[in-house]
Amino acid sequence: MSGISRRKLMMGGAAAVAGLSGLAVADRVARRYGLIPPDARGRYGPGEALTYAAQRLLMRHSQAMEFSRGMISKTPFMNEVAPLGKEFLAHQALGFRDWTLKIDGMVARPMMLSLADVKAMGTRSQITEVACEEGWSYIAEWIGTPLSMVLQEVGVLPQAQYVVYRSIQPNWWESVDMADAWHSQTLLTWGMNDGDLPVGFGGPLRLRIPRQLGYKSVKYLTSITVTDSMKKFGRGRGSATAEAGYAWFAGI
Ligand SMILES: Nc1nc2c(c(=O)[nH]1)N[C@H]1C(S)=C(S)[C@@H](COP(=O)(O)O)O[C@H]1N2
Ligand SMILES: [Mo]
């Protein structure tokens with residue numbers, strides 16, 4: 001009897017030590033490579049650091065799956081958004097003629113771009129999946145301008161670490177590291193399935209990040225800030241979703 005409980009105790013102790021040293025290793029690896037996610041001190045703490053560091057060390061340049069035209073979902077799932085405010089409705093009434101995207105922060109040439117300006121910087125399309133953490137997904141063709149082309153135009157300064165991006169919906173802001181910001185599939189999206197991007201799917205402008213879960217693909221994009229630290233934004237966790245308890249890095 002006492003033998004069993006002692007054995008249990010020892011095993012429990014060994015597991016605790018293994019867990020602890022696993023976290024210590026994660027912490028060391030993350031620090032060594034400067035791969036500390038902004039929410040490393042959040043709810044899942046060291047687990048977030050390990051996930052992020054492992055992804056970045058092993059898969060930095062990996063591409064999201066692209067599908068054939070025949071795989072495009074017949075009924076893409078339009079996730080409900082909070083009621084769009086007066087400012088948005090005024091833009092919509094004008095056919096988004098005056099919609100602007102502001103780019104500032106650690107860039108050589110801050111800019112205020114119209115949709116036409118964005119489009120003039122280049123066009124790409126991709127057939128990728130939106131996957132929501134709530135368990136559903138769909139495939140669509142997304143047409144837009146790679147964020148990398150816009151970053152090239154504004155001239156990102158060498159100390160840049162993150163790109164923060166915001167919606168006209170004040171509660172929606174996110175950030176990604178420079179690996180995802182420069183990623184060839186990260187798309188300032190203004191078209192979907194051969195038409196304009198519908199409002200329900202984030203039109204007139206949405207940042208599609210197919211290497212991460214759906215919540216990183218912010219709808220109604222209005223501004224982008226390049227920064228060396230996420231400490232200056234919100235409560236420092238990297239995004240509104242991270243501050244609500246979700247993972248900042250939601251790589252898939
Ligand atoms: N501005 C804004 N962006 C948003 C959201 C939102 O409510 N507002 N929802 C997010 C979430 S949780 C998901 S899963 C996807 C849903 O995209 P969909 O409507 O194309 O399916 O958009 C993301 N982007
Ligand atoms: Mo979601």
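Worth knowing before you read on, the calculation uses all heavy atoms, side chains too, and leaves out hydrogens, waters and symmetry mates. Start at 1 and go down the list; that is how both ligands and their atoms are numbered.
Within the listing of ligand 1, atoms 1 (N), 2 (C), 6 (C), 8 (N) sit less than 4.0 angstrom from a heavy atom of Q169. Within ligand 1, the atoms closer than 4.0 Å to a non-hydrogen atom of W136 are 14 (S), 16 (C), 21 (O), numbered from 1 in the order shown. Those atoms of ligand 1 with a heavy atom of Y138 less than 4.0 angstrom away are 18 (P), 20 (O), 21 (O). Atoms of ligand 1 lying under 4.0 Å from at least one heavy atom of F201, given by number and element, are 20 (O). Interface atoms of ligand 1 facing G214, defined by a heavy-atom separation under 4.0 Å, are 13 (C), 14 (S), 15 (C), 22 (O), 23 (C). Atoms of ligand 1 found under 4.0 Å from any heavy atom of C132 (numbered from 1 in listed order, with element): 14 (S). Counting the atoms of ligand 1 from 1 in the order shown, those under 4.0 Å from a heavy atom of S167 are 1 (N).
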Can I103 and V150 be said to form a side chain to side chain contact (heavy atoms under 4.5 Å, CB included), step by step?
CA-CA 9 Å; I103 303 157; V150 176; 3.3 Å; yes
Start with the C-alpha distance between W172 and Y215, add both sets of side-chain angles, then the distance that settles ring pair (Phe, Tyr, Trp, His ring centres under 6.0 Å), and finish with yes or no.
CA-CA 9 Å; W172 279 91; Y215 60 77; 7.8 Å; no
Residue pair M230, V164: steps toward the side chain to side chain contact (heavy atoms under 4.5 Å, CB included) verdict:
CA-CA 8 Å; M230 287 312 300; V164 186; 3.7 Å; yes
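The nearest pair of heavy atoms linking I139 to I127 is CG2-CG2, 3.5 Å.
If you check which protein heavy atom lies closest to atom 12 (S) of ligand 1, you get Y215 CB, 3.7 Å.
In this structure, R166 forms no cation-pi arrangement with W173, as its terminal cationic atom is not both closer than 6.0 Å to the ring centre and no more than 45° off the ring axis.
Of the heavy atoms in F77, only backbone atoms (N, CA, C, O) come closer than 4.0 Å to ligand 1. Neither the backbone nor the side chain of W142 has a heavy atom within less than 4.0 Å of ligand 1.
Using cut-offs of 30° and 60° for the angle between ring planes, the Y220 and F88 rings count as perpendicular. Aromatic ring pairs are classed by plane angle as parallel below 30°, tilted from 30° to 60° and perpendicular above 60°; the pair Y138 and W142 is tilted.
In terms of polar-atom proximity, defined here as any N/O pair under 3.5 Å, Y220 makes no such contact with ligand 1.
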